[in-house]
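What follows is a set of notes on a single structure, which appears directly below.
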Amino acid sequence: MPYDRGCYMDVAPFWGDTLWAYLNETPVLIVMLKAVREGIAPVEAIDNELTQRFGKAVRQERVHEFTGHLVRQAIEAYLAKTGIQNAAVPCCAETAAQPERGDYHVQGKDTAR
């Protein structure tokens, strides 16, 4: 299932496909679903793995927000595929570790915000 870019047209072309594939890996979905069950934001549960796999650039504000946007879609798609309905998915950005502010990385270019 393709993801919805939403209002993240600035970062989606560079991060979307890679993050979407990662977020739909079964072990990652399991960690995120366990977090939801425990009342933890799913993106918080995978925050360290995200940074290890994608580097510090994934912690930039817009990329972080986009990741939360994709996390919600990945979980909802999984729940729909498995027939689970009306499951509440907490907002990913509210309780997650705060993103870094300042520099903004786009396809090998660093620009100040």
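Note: hydrogens, waters and symmetry copies are ignored here, and every other heavy atom, side chains too, is used.
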> Mind checking whether Leu19 and Phe54 have side chains closer than 4.5 Å, heavy atoms only?
Replying inline: yes

>> Ignoring hydrogens, what is the shortest heavy-atom contact between Leu70 and Gly16? Give both atom names and the distance.
In response: CD1-O, 4.1 Å

>> To the closest 0.5 Å, what do you measure between CZ (Arg53) and CD (Glu25)?
In response: 4.5 Å

> Closest heavy-atom contact between Pro42 and Ala35?
Replying inline: CA-CB, 4.0 Å

> So Asp47 and Val43, side-chain contact (heavy atoms from CB on, under 4.5 Å) or not? Walk me through it.
Replying inline: CA-CA 6 Å; Asp47 190 57; Val43 75; 5.6 Å; no

>> Distance check, rounded to the nearest 0.5 Å: Glu76 atom CD versus Asp4 atom CG?
In response: 11.0 Å

> Is any side-chain heavy atom of Arg59 less than 4.5 Å from a side-chain heavy atom of Val63?
Replying inline: no

> Considering all heavy atoms of both residues, which atom of Ile75 and which atom of Val36 are nearest to each other, and what is their separation?
Replying inline: CD1-CG2, 4.1 Å

> Are the side chains of Asp10 and Arg62 in touch, meaning some heavy atoms are under 4.5 Å apart?
Replying inline: yes

> With under 30° as parallel and over 60° as perpendicular, where do the rings of Phe66 and Tyr3 fit, or are they tilted in between?
Replying inline: perpendicular

> Is there a side-chain contact (heavy atoms from CB on, under 4.5 Å) between Met32 and Val71 once you walk through the steps?
Replying inline: CA-CA 8 Å; Met32 293 189 301; Val71 163; 3.7 Å; yes

>> Quick check: is Trp20 connected to Ile30 through a chain of hydrophobic side chains (ILVMFWY, heavy atoms under 4.5 Å apart)?
In response: no

> Which pair of heavy atoms, one from Leu23 and one from Thr67, lies closest together, and at what distance?
Replying inline: CD1-O, 4.2 Å

> Are Gln73 and His69 close enough that a side-chain donor and a side-chain acceptor fall under 3.5 Å?
Replying inline: yes

